[in-house]
Q: 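This is the structure, below, for whatever I ask next.
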Amino acid sequence: MWPRRDLIDLLGIEHPIVQAPMGGESTPEMAIAVSNAGGLGGLGCSFMSLDELRAKAEAIRAGTNRPFNLNFFAHPEPREYAELDAATRARVAPFYAELGLESVPERGVAAVDTFTEAKLSVLLDIRPRVTSFHFGLPPRPMVEALHDAGNLILCSATTVAEARFLAEAGVDAIIAQGWEAGGHRGTFETSFEDFGVGTLALVPQVVDAVDVPVIAAGGIADGRGIAAAFALGASGVQMGTAFLSCPEANIGDDHRAALRQARDDETRLTRAFSGRPARAQNSRYIEAMAEDRAALPDFPTMYGFSDPLREVSEKRGDSDFQFLLYGQAAALNRDLPAAELMERLIDEAQRALKPGS
Ligand SMILES: Cc1cc2nc3c(=O)[nH]c(=O)nc-3n(C[C@H](O)[C@H](O)[C@H](O)COP(=O)(O)O)c2cc1C
């Protein structure tokens with residue numbers, strides 16, 4: 001049924017569709033629906049407390065006996081630059097004044113953490129079939145501990161060099177994340193400002209460079225995209241934006257409305273919310289912060305300066321300071337429950353992959 005089976009067999013799934021684990025936006029309900037439909041459902045766990053992580057993972061386990069994926073950021077500790085913090089405070093201060101907020105925090109506390117020993121021990125307890133990482137890998141002993149416990153490990157690469165690094169580090173499959181992708185770029189080795197490689201160029205080069213299965217990600221929204229990924233040599237796809245329109249997605253009304261009206265040319269990469277580049281709908285705040293390409297505090301420190309602005313904007317329902325993450329193919333989204341979306345995707349891909357279609 002599928003032209004390449006290495007990923008399907010490795011993960012123990014039926015269809016080579018990985019639902020992208022998305023920080024605040026994916027939910028246990030979404031992951032359960034996708035895994036039960038034969039794909040790999042997943043949950044972005046980076047913003048969760050340990051208790052929440054355990055409770056949500058147990059909820060997925062109760063909802064499906066199929067494999068699922070828990071996902072974590074693996075970023076380095078942010079550096080402390082008092083001068084950069086001060087310069088950033090000065091840059092955002094006019095926006096705070098405009099929104100009637102009190103003074104900019106000295107150094108905000110971000111609600112996101114890197115992969116820690118405590119998270120590892122929860123995972124060793126829960127034992128999902130798959131753990132995936134973004135922004136590189138955690139230290140080698142942690143990767144080994146997960147492998148020893150029977151976990152398969154996936155990680156995003158945005159260049160051939162990153163893919164080679166991950167393959168050498170023992171990752172079981174590589175997510176080749178193209179420039180079109182919604183959300184944060186997984187970049188961990190190269191400069192991310194100027195060297196974005198698109199999915200069409202990245203996937204076949206990664207396939208040629210590594211011996212593990214490659215999962216194509218970025219701008220894949222329907223069966224045509226899935227078939228194209230296979231034509232490029234991928235063994236599966238990871239799709240995020242397409243699942244954002246599902247009722248199971250944890251997004252606000254403004255985000256949902258933006259997806260319904262999305263265009264191909266309205267997103268851009270920005271570091272203005274988190275400190276790391278992410279693809280989101282362009283906005284007045286993003287424009288202003290991009291003007292002089294000035295340095296910003298490391299991920300996740302920057303959240304501390306941008307969160308209060310985002311929160312007011314969300315309450316007011318204006319989009320000037322909202323962080324509306326989605327990719328370049330969002331206009332192809334369908335408002336369907338995740339199980340139905342899976343059915344459509346599988347059917348469309350099968351048709352597109354048929355000889356003579
Ligand atoms: C709203 C949103 C949140 C995301 N959060 C995460 C995350 O927490 N971890 C992760 O590995 N990838 C995350 N991603 C990136 C996806 O894994 C994937 O690379 C991307 O969605 C693929 O491109 P597409 O959005 O065009 O399908 C996110 C993507 C979106 C759209």
Side-chain angles (χ1 to χ4, degrees), residues 17-27 30-31 34 40-48 53 69-75 111-115 130-137 153-158 162 166 171 173-188 196-200 202-203 214-222 225-226 228-229 234 236-246 248-252 255-256 258-259 262 264 267 269-270 273-274 276-281 299-300 303 322-333 341 345:
I17 299 174
V18 178
Q19 167 247 313
M22 297 181 279
E25 296 83 2
S26 54
T27 57
M30 181 186 284
V34 172
L40 184 71
L43 194 64
C45 304
S46 295
F47 296 85
M48 291 178 195
L53 166 61
N69 169 32
L70 299 180
N71 168 268
F72 300 87
F73 294 153
H75 54 275
V112 57
D113 199 3
T114 194
F115 193 66
V130 182
T131 302
S132 73
F133 293 102
H134 213 48
F135 309 148
L137 287 171
I153 298 180
L154 316 182
C155 187
S156 302
T158 59
E162 288 179 349
L166 294 176
V171 160
I174 289 172
I175 302 151
Q177 188 198 34
W179 188 242
E180 300 88 328
H184 279 96
R185 294 195 50 71
T187 306
F188 59 94
V197 187
T199 307
L200 192 73
L202 180 66
V203 170
V214 174
I215 301 166
I220 300 169
D222 58 20
I226 298 171
V237 296
Q238 175 159 298
M239 300 168 66
T241 299
F243 284 95
L244 279 180
S245 293
C246 298
E248 291 93 341
N250 177 36
I251 59 172
H255 205 159
R256 225 169 257 287
L259 288 165
D264 55 344
T267 63
L269 283 194
T270 180
F273 284 93
S274 70
R276 270 184 178 264
R279 183 170 295 286
Q281 185 191 60
F299 181 96
Y303 276 121
Q322 291 201 47
F323 196 21
L324 302 179
L325 292 163
Y326 55 90
Q328 290 181 335
L332 295 171
N333 271 24
L341 178 60
L345 293 171

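Atoms within a ligand are numbered from 1 in the order they appear, just like the ligands themselves.
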Q: Only heavy atoms of Ala20, strictly under 4.0 Å: list the atoms of ligand 1 that pass.
A: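 Counting atoms of ligand 1 from 1, those under 4.0 Å from Ala20 are 16 (C), 17 (O).
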
Q: Any idea which atoms of ligand 1 are less than 4.0 Å away from a heavy-atom of Gly23?
A: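 This gives 5 (N), 6 (C), 7 (C), 8 (O) as the contact atoms.
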
Q: Could you list the residues that satisfy side chain to side chain contact (heavy atoms under 4.5 Å, CB included) with Ser156, not counting sequence neighbours?
A: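 Applying side chain to side chain contact (heavy atoms under 4.5 Å, CB included) to Ser156 gives His134, Ile175.
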
Q: Ligand 1 and Gly219, any nitrogen or oxygen pair closer than 3.5 angstrom?
A: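 Checking ligand 1 against Gly219, an N or O pair does fall under 3.5 Å apart.
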
Q: For His184, is at least one N or O under 3.5 Å away from an N or O on ligand 1?
A: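 The answer is no, given that His184 and ligand 1 share no N or O pair closer than 3.5 Å.
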
Q: Answer yes or no for Ser156: is there a heavy-atom contact with ligand 1 below 4.0 Å?
A: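 No, that is not the case, since the closest heavy atom of the residue is not under 4.0 Å from the ligand.
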
Q: If you count the atoms of ligand 1 from 1 in the order shown, which ones are under 4.0 Å from a heavy atom of Phe73?
A: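 That gives atoms 7 (C), 8 (O), 9 (N) of ligand 1.
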
Q: Minimum distance, heavy atoms only, to atom 31 (C) of ligand 1: which one of Ala330, Gly182, Ser26 is it?
A: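 Residue with the shortest heavy-atom distance to the ligand atom: Gly182.
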
Q: Which atoms of ligand 1 sit under 4.0 Å from any heavy atom of Met239?
A: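 The atoms of ligand 1 under 4.0 Å from a heavy atom of Met239 are 27 (O).
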
Q: Strictly under 4.0 Å, does any heavy atom of Phe243 approach an atom of ligand 1?
A: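 So Phe243 does not count as touching ligand 1.
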
Q: Counting each atom of ligand 1 from 1 as listed, which ones have a heavy atom of Ala181 under 4.0 Å away?
A: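 Answer, ordered by atom number: 20 (C), 22 (C), 23 (O), 26 (O).
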
Q: Any heavy atom of Pro21 sitting closer than 4.0 Å to ligand 1?
A: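 Distance cut 4.0 Å: Pro21 passes for ligand 1.
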
Q: Which atoms of ligand 1 are found less than 4.0 Å from any heavy atom of Gly218?
A: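 Answer for ligand 1: 22 (C), 23 (O), 26 (O).
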
Q: State the atoms of ligand 1, each with its element, that fall below the 4.0 Å cut-off from a heavy-atom position in Gln177.
A: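 Taking each heavy atom of Gln177 in turn, ligand 1 has 15 (C), 19 (O) under 4.0 Å.
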
Q: Any nitrogen or oxygen of Tyr326 lying under 3.5 Å from a nitrogen or oxygen in ligand 1? Just yes or no.
A: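 By distance alone, the answer is no.
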
Q: Counting only heavy atoms closer than 4.0 Å, does ligand 1 sit against the backbone of Met22, its side chain, both, or neither?
A: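 Contact part for Met22 vs ligand 1: both backbone and side chain.
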
